[in-house]
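Right, one structure below, let's go through it.
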Amino acid sequence: MSEKRLPLSQQIILQLLNAFIAFTVLVPIMWVVSLSLDPRDLSRPPDFRLIPPGASLDAYRRVLDKPTNNPVTFTELALNQFKLAGGVALFSVAIGVFAAYAFSRFEFAGRKILMLGMIMVLMLPGIATIAPLFVMLNSVNINLGEIQFNLRNSLGGVGLAMVSGALPFSVWNLKGYLDTIPRELEEAARIDGAGPNQTFFLIILPLAVPSLAVVGFLGFLGGWTEFALSWMFLTNPKDFTLAMSLYNMVGQYSADTPWSAFSAMALMVATPVALVYLALQKYIVGGLTLGGVKS
Amino acid sequence: MATISGNLPRPAPQAPTGFRLWWQRTTNARAAYLYLIPAFAMMAIITFYPMGYQVWMSFTDYGVRSLNPNSKTYQAPNVVGVQNYADIFKGDLAKKVQNFDFWKLLTFNLVWTFTNVPVHVVLGVLIAVLLNTPGLWLKKAYRAIYILPMVIPTLVVATVWKNLFDPQNGGINKLLASAFTPLIQAGQGVGLFQDVNLDTVFRIRWFDQIDAPFFADAQLPLVSFWILVVMAVGVGLALIKLRVPYATPLNIGLGVLVLGYGVIALEMPLSYYAMLIANIWLGWPFMTIVATGALQSIPSDLFEAAAIDGASPRQQFLSITVPLIRPAIVPAAMLGIITTFNLFNFVYMMSAGGPIRKTEIMVTTAYSLVRGNQLYGMAAAFCVIIFFVLLGLTLLTNSITRGTERYDV
């Protein structure tokens, strides 16, 4: 496309407008970055400078060492969150892709009803089944004297409850992606005598790898920022996650949390997933609205 | 294919009958069910069964004592019929849960949703159009910056904004102070703003101030608000039917929105505005990206042809841009409506529903019924209600989208 030249006066006005919008977008980000560099470790720094005098990465070191009052390091928190996120991503995609294939490629009795059931679950926010999930997971107790295990009070329980919400989402999303894979290849394979299983494993699955990665990442993102369930279910500090600790730093009893520590924590939680999101952005946006268009 | 095989002499195949015929015909269906089994088995256990269990729970007085059958204080849940639902709708729940009012809650949740999403969509589309201006410098840099709110997890966004709205040293209060202090000082020099204390005026308690910032004494009965909305919608529909000039569904919808919002704004506390600002920051970039994708697929000769025919930029926007990006924006807006309606992490982290439950949305209420009040049966009933509200909302947005389709195309 040949770019037309914009008259200078218009160019200046539009540049000013864009600069203003960019400023509003960047204010919170600059705020949190500057705070995280503040070396003074005050609960509330009285003044604000873009680059605080004596800027240092001290806050990051302190957060890595011991982010909250609980004796848990950042690494342990991150590992818990990672287990949760990875588990949710893996399960929801590995199980979801089979169902997505069935919905995308087969006509069978009950297809409409099953899909409707799926969409109904999809529409319902995870919080809306929290009461029965709490009660049910709480009733799974293993008591072997030394080893006491309550499914509700464990990362596994939180993960299960999360998969219950993530699964319909990944089925629906993957179905949207699979629908866009042209059928010619499969038909060719079928003529060569391939059954549905061979078609799935040898043709569909390899072609769907990028979308599996995207939907898996969305599941991971959900797990990485999961807060509601873990905040309700988990009581043992060894199981605590990043999201819970971050909330601890701004919540009700956080008056003496240094803002520099909170900011460093916020940035360390956000940066890894933000970078991946940025890289996959094009595919994610397409996928999120795909379901609506295709249905 | 058909023509070739039609010309060939075909040996008559032996037609299978009975069971074998059925077995052959259902090969595909059987494969389909096989593929569905893992997902549906999993969902049966951790999704559908809990949902059914929830419906049963909602008719009982399931409380904290019913949790552990082995404890001494165990109390089996009693079936209480529709008591929970009655308590929620009629307001008797307020005896156990302070300041609970279902109709206020529902109204706030809808106002919250329908004041956020339109702003996201309008800002998002306008900024996408701005970025799409041919010949604009630094496009790529702006695109890279504008996407940032979308890629940062909502959880982090909410906590950072909560921090920004801190009453003592938060960034927003500081920004306001540095922007307006000179103005007020100048005013005081000429005798204005005499009762303004510069030390305290910019210590705005965004999340704790109970009084609404505008018309703090206004007390609007909720019923009259809804009567007003219904009347406005009725008048609007009549105007559309009568083909009054400018009475397009879009204009009427905007009118009802502005009117309804103008009335309800009287009662909104500051924490609503704080969350609105933060959520607008959070929400428009997604719409911009969706709109940009759609804009780039519009062939540029359409605009050139329109320009040759003498269409003004405004006309081009309304009769080319809007209809052509509509198919992409509508699903995004629907997604936005459902997401914003259920924006748990954000609301819980920022205002936690405060002050006095004025900014509580339905999902945060359900959460606090379980976690704070431990009224499991009541929470179950509440979640069943959420389900029907969401169903209604989805059907409503669907029908509105279809209803406006004719106008644009």
Side-chain angles (χ1 to χ4, degrees), chain A residues 1 3-6 14-15 18 21-22 25-26 28-29 31-32 44-46 48 95-96 98-99 101-102 106 108-109 121 123-125 127-136 138 160 164 167 171 196 225 227-228 232 243 246-247 250 266 269-270 273-274 277-278 281 285 288-289 292-293, chain B residues 28-29 31-32 35-36 38-39 42-43 46-47 50-51 53-54 57 67 127 130 133-137 142 145-149 151-153 155-156 159-164 168-169 171 174 289-290 300 331-332 334-335 342 344-345 349 363 366-367 370-371 376 379-380 383 386-387 390 394:
Chain A
M1 201 172 87
E3 296 261 297
K4 275 184 293 183
R5 282 198 56 155
L6 212 58
L14 294 186
Q15 287 296 336
N18 269 312
I21 299 169
V25 168
L26 287 175
I29 297 166
W31 166 260
V32 71
R44 280 164 163 67
F48 176 74
I95 299 174
F98 288 94
Y101 177 60
F106 293 115
F108 52 91
V121 179
M123 203 184 67
L124 209 60
I127 311 284
T129 48
I130 205 161
L133 279 173
F134 183 90
V135 168
M136 286 169 56
N138 195 53
L160 264 181
S164 118
L167 196 54
V171 171
T225 59
F227 166 76
M232 184 181 289
L246 190 64
Y247 179 69
V250 289
V269 173
V273 284
Y277 200 118
L278 220 50
Q281 177 253 117
V285 176
L288 282 179
T289 49
V293 186
Chain B
N28 269 346
Y35 278 83
L36 288 174
M42 188 99 182
M43 282 173 70
I46 56 174
T47 311
M51 282 173 154
Y53 195 73
Q54 165 145 289
M57 269 173 85
L67 274 181
I127 291 171
L130 173 67
T133 315
L136 185 78
W137 298 332
Y142 290 129
I145 293 172
Y146 293 174
I147 199 182
L148 288 174
V151 302
I152 302 172
L155 177 93
V156 174
T159 50
V160 169
W161 273 96
K162 162 125 193 173
N163 186 285
L164 271 165
Q168 280 171 30
N169 295 305
K174 277 186 185 168
I289 287 168
V290 172
S300 57
M334 306 253 287
L335 185 74
N342 297 321
F344 177 84
N345 272 357
M349 302 253 161
V363 281
Y367 192 75
V370 177
R371 191 174 190 272
Y376 302 110
C383 290
I386 291 186
F387 174 77
L390 277 173
T394 314

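Computed over heavy atoms, backbone and side chain alike; hydrogens, waters and symmetry mates excluded. The structure displayed is predicted, hence computed values, not measured ones. Here is the naming used below: chain letters follow the sequence lines, and residue numbers restart at 1 for every chain.
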*Side-chain donor/acceptor of A/Gln281 to backbone N/O of B/Val151, under 3.5 Å*: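 Here the side-chain-to-backbone pair does not exist.
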*For chain A, the option from B/Gly171, B/Ala380, B/Pro38 that forms the most heavy-atom pairs under 4.5 Å*: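 Looking at each of B/Gly171, B/Ala380, B/Pro38 in turn, B/Gly171 comes out on top.
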Does a side-chain heavy-atom distance below 4.5 Å link [X] with [Y]?
| X | Y | answer |
| --- | --- | --- |
| A/Pro125 | B/Leu390 | yes |
| B/Val156 | A/Leu246 | yes |
| A/Ile127 | B/Ile386 | no |
| B/Gln54 | A/Val135 | no |
| B/Ile147 | A/Tyr277 | no |
| B/Thr47 | A/Thr129 | no |
| A/Val121 | B/Met51 | yes |

Using non-hydrogen atoms and a 4.5 Å limit, figure out which bit of [X] sits close to chain A: side chain, backbone, both or neither.
| X | answer |
| --- | --- |
| B/Gln168 | side chain |
| B/Met57 | side chain |
| B/Thr394 | side chain |
| B/Leu164 | both |
| B/Asn163 | both |
| B/Asn169 | both |

*Highest number of heavy-atom pairs under 4.5 Å with chain B: which of A/Ala228, A/Pro196, A/Ala266, A/Gly96?*
A/Ala228
*Find the one option among A/Ala99, A/Ala109, A/Ala102, A/Pro132 whose heavy-atom pairs under 4.5 Å with chain B are most numerous.*
A/Pro132
*With sequence neighbours excluded, tell me which residues meet ring pair (Phe, Tyr, Trp, His ring centres under 6.0 Å) with B/Tyr367.*
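Ring pair (Phe, Tyr, Trp, His ring centres under 6.0 Å) check on B/Tyr367 returns B/Phe344, B/Tyr348.
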_B/Phe387: ring pair (Phe, Tyr, Trp, His ring centres under 6.0 Å) partners, not counting sequence neighbours_ =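 None.
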*Atom pair CG (A/Leu133) and CD1 (B/Ile46), whose distance is rounded to the nearest 0.5 Å*: 8.0 Å
*Hey, could you give me the CG/CG distance between A/Leu26 and B/Leu148, rounded to the nearest 0.5 Å?*
6.5 Å
_Tell me whether the rings of B/Tyr376 and A/Phe134 are parallel (<30°), tilted (30 to 60°) or perpendicular (>60°)._
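B/Tyr376 and A/Phe134: parallel rings.
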